[in-house]
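A note on names: the letters A, B, ... follow the listed sequences, proteins ahead of strands, and every chain is numbered from 1.
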Amino acid sequence: MNIKITLPDGSIREFSNGVTGAEIARSISEGLARNALAIEVNEEIWDLSRPITSDSKVRILTWNDAGGKKAFWHSSAHLMAEALEALYPGVKFGIGPPIENGFYYDVDLGGRPFGEDDLIAVEKKMAELARKESRFIRSEVSKKDALEYFEKKDDPYKIELIQELADGSITFYQQGNFTDLCKGPHIPHTGFIKAIKLLNVAGAYWRGNEKNKMLTRIYGITFPKQKDLDDYLLLLEEAKKRDHRKIGKELELFTFSERVGMGLPLWLPKGTILRERLEQFMRRAQVKAGYDPVVTPHIGSKMLYVTSGHYQKYGKDSFMPIRTPDENEEFLLKPMNCPHHCEIYSSKPRSYRDLPVRLAEFGTVYRYEQSGELHGLTRVRGFTQDDAHIFCRPDQVKEEFIKVIDLVLFVFKSLGFDQYTAQISLRDPNDKSKYIGEDELWERAEREIQEAADERGLKTVAVKGEAAFYGPKLDFMVKDALGRSWQLGTIQVDYQLPQRFGLEYVGADNQRHRPVMIHRAPFGSLERFVAVLIEHCAGNFPLWLAPEQVAVLPISERFNAYGNSVMDKLKSLDIRGFIDDRDEKIGRKIRDAEVRKIPYMLIVGEREAMEGKVAVRKHGAGDQGSVLLDEFIRKFQEEAAVPGEG
RNA sequence: GCCGUUGUAGCUCAGUGGUAGAGCACUUCCUUGGUAAGGAAGAGGUCGUGAGUUCAAUUCUCAUCAACGGCUCCA
């Protein structure tokens, strides 16, 4: 009896019942058969060797498919486990999944320390075992047999896992001398794994629970070709070079001080210029988009947060309240700006004609983050949000969403983030009790967010159950120059705060209505955004953002006077820069300016001084020849224009 | 918060149970040099902080703080 197999191109082929993925691949082409790692069967990923017994829609997966990589790395985790077992008999295994880049395995080495040398030894063993081309053999086992196997092996972690599985759904995979509880899928054999690198070791609690025993987590990555591994290691190196903490130090953008406190960034003069340029850019874009800037204090009465509900939910995780000496009133450092903005909204009666009201503030907020989570500028305890709250009628949500999406995309485009996606976080349809706000409002908002995103051609993934309890949201992810994803801006609908603060407007029907609130922050936080921007452009900021745009470099001290006159002229036009009038040779001055990533160097000597010219050198591009100073300024100002202006 | 690693000059890093060293940066002098490091001299550190062991601690032990790699968390 034959079965019908539908291929990705829509064509349907007949195969005999029990055909395997490997056979289907071979029927398509030898090349595909050689590169095939797994097969997607009706949206499930299977081993290539598993018989298909009913009409199915399939897709052969190779290294170029996410599913193929996943199987590859999952198999690599098993290979690592096999090597570990060979080298350290008695080792016990937790879980070993594939991750975004590679895989890990949590193991219990019985208290034995595990260091660099061990990583290399395991790597070697893995390579040796990979060459054996051991097949990954799937077998279905009964719960009883499964438990028996791991009891004999004395592996408490696997036993715990099996106990939670239903009988009849348990599968083992075996390759070489190693057998593991695993639902698969796996690549055909270990020989595909040609390049192996174990990256690092870290502690991780069994099942992520700190009450449990800490296991040793070994991270690794593998590739089908050595070249791929080399490229990946280069990428890691490049990422290290671009680390915003390193560049931030080198370019004197920001610093931290133990005396000030951890997670509290100090913006140095050059970093402040960068930050203020971004602020100004956003301020102007927001004025154009109909926002009203507001300013609110850094602290607020504890009652404000009791009203907002944040105190109840986060009070124990925030900085302790500040008490006044006389009345013993309590104040909190503000962890967000919305409650203050709600009070601004309710400072006077609002008519439906006034809506939407859009209140924007670069609000600095303070949140107590766990000490282990602090990281450069991306995770800090005090940061400034490019925050705004839109108070609108329910019928305006979609339109406002579209406007915010436009603003966010404008920001991304202006800063060179060409690749982005968005995640729509929706309610968990199985448990609506977790959320506040009326059903119809939710349904409408969720639908309208999707529509708004679609209308703007935004690539979105909708994830159910990820919404905040107070409303659905849209989060933006950008890909940086190295292909890494970062979560930046966010737009959130909120039904809760308007209710808690009793916000109202008078409708056309002369009745009181509750506005909907939209929280949004295109940058997210300036700190985090600057960090991402630094890593994206490797510290080579676009001209309009560069803290130092121009360096004037006199050939010798004899031309310092002319250099100064050039500098004065530039400064009078708000062009940022400095003159390097040190007693150094020109080669040295150029090198120093290049290292500092100054976009333009203006070299001035006898020839330039005579003719009122400057010799232009562009960072990273070299000598551009001499032009009249005015000519340079004209071109410079064109290039340095702030996006969205002029 | 938890586990692990680290902490020496402004930066990057050597080093030692007998109170410290390099390169770059800095200061001064020589040099006035045309597109990525000219030469010389000098200055600079209670070796993260506190305690303990020792005749003697930057070095060994413990505690503490911070950074880093993870885990957990994230309004």
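- Summarising the geometry, the separation between CG on A/L215 and C1' on B/G4 is reported as 14 Å, rounded to the nearest angstrom.
- Across all strands shown, the partner of B/A63 is B/U49, judged by Watson-Crick or G-U wobble contacts whose two distances both fall under 3.5 Å.
- One finds no side-chain N or O of A/Y600 lying less than 4.0 angstrom from the OP1 or OP2 phosphate oxygen of B/U35.
- Nucleotide B/G33 forms no Watson-Crick or G-U wobble pair with any nucleotide shown, as no partner meets the under 3.5 Å limit on both distances.
- As the counterpart of B/G69, B/C3 is assigned, both hydrogen-bonding distances of the Watson-Crick or G-U wobble pattern falling under 3.5 Å.
- Between the CD atom of A/E250 and the P atom of B/G10 there is a distance of 18 Å, rounded to whole Å.
- Nucleotide B/U58 has no partner under the Watson-Crick or G-U criteria, as no pair reaches both atom distances under 3.5 Å.
- Judged by atom type and distance alone, A/R379 reaches the base of B/C74 through a side-chain donor-acceptor pair under 3.5 Å.
- You'll find that the side chain of A/A204 is closest to B/C71, out of B/G34, B/C71, B/G33.
- Look at A/S371 and you'll find a side-chain N or O under 4.0 angstrom from OP1 or OP2 of B/G1.
- Comparing B/G34, B/A67, B/C73 by their nearest atom to the side chain of A/Q370 picks out B/C73.
- Electrostatic pairing of A/K635 and A/E639 does not count as a salt bridge here, judged by no charged N lying under 4.0 Å from a carboxylate O.
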Within the sub-3.5 Å range, which N or O atoms of nucleotides 40-50 of chain B have a protein N or O partner, and how far apart are they?
none

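- On a pure distance criterion of 3.5 Å, a polar donor-acceptor pair joins the side chain of A/D583 and the base of B/G33.
- Among the nucleotides B/A75, B/G34, B/G33, the one closest to the side chain of A/R558 is B/G33.
- Ion pairing of A/E466 with A/K473 is absent here, as no side-chain N (NZ or NE/NH1/NH2) approaches a carboxylate O to less than 4.0 Å.
- Side-chain contact between A/D592 and A/R582 is present, with at least one heavy-atom pair separated by less than 4.5 Å.
- The nucleotide B/U27 finds its pairing partner in B/A41, both defining distances of the Watson-Crick or G-U wobble pair being shorter than 3.5 Å.
- Dashed line: the shortest gap from a side-chain N or O of A/H375 to OP1 or OP2 of B/G69 is under 4.0 Å.
- Relative orientation of the A/Y105 and A/F93 rings is perpendicular, given thresholds of 30° and 60° on the angle between their planes.
- Within the 4.0 Å cut-off from OP1 or OP2 of B/U12, at least one side-chain nitrogen or oxygen of A/K249 is found.
- Side-chain to base pairing of A/R617 with B/A36: one donor and one acceptor N or O lie within less than 3.5 Å of each other.
- Listed nucleotides: B/U32, B/G38, B/G34. Nearest to the side chain of A/R607: B/G34.
- Here A/D106 pairs with A/R217 in a salt bridge; the nearest charged N to carboxylate O distance falls below 4.0 Å.
- The side chain of A/N200 approaches B/G69 more closely than any other nucleotide in the set B/G69, B/G33, B/A66.
- Each of A/I603 and A/L374 lies near RNA chain B, and the nucleotide nearest A/I603 is the one positioned closer to the 5' end.
- For the OP1/OP2 pair of B/C74 and a distance below 4.0 Å, the side-chain nitrogens and oxygens of A/R367 include no atom meeting the criterion.
- Between A/E611 and A/K613 there is a salt bridge, since at least one side-chain N of the basic residue sits less than 4.0 Å from a carboxylate O of the acidic one.
- Taking only side-chain atoms of A/E594, from C-beta outward, the nucleotide of B/G33, B/C26, B/A36 with the closest atom is B/A36.
- For A/Y368, no side-chain nitrogen or oxygen approaches OP1 or OP2 of B/C73 to under 4.0 Å.
- Close to B/G69, at under 4.0 Å from its OP1 or OP2, lies a side-chain N or O of A/R245.
- Where A/Y219 and A/G605 each meet RNA chain B at their nearest nucleotide, the meeting point lying more 5' is that of A/G605.
- Relative orientation of the A/F632 and A/Y600 rings is perpendicular, given thresholds of 30° and 60° on the angle between their planes.
- Figure legend. B/G21 is base-paired to B/C13; pairs are counted as Watson-Crick or G-U wobble with both atom distances under 3.5 Å.
- In this structure, A/E250 does not pair ionically with A/R242, as no charged nitrogen and carboxylate oxygen lie closer than 4.0 Å.
- Of the candidate nucleotides B/G33, B/A75, B/G1, B/G1 has the atom nearest to the side chain of A/R381.
- Between A/H389 and A/F391, the ring-plane angle classifies as tilted under the 30° and 60° cut-offs.
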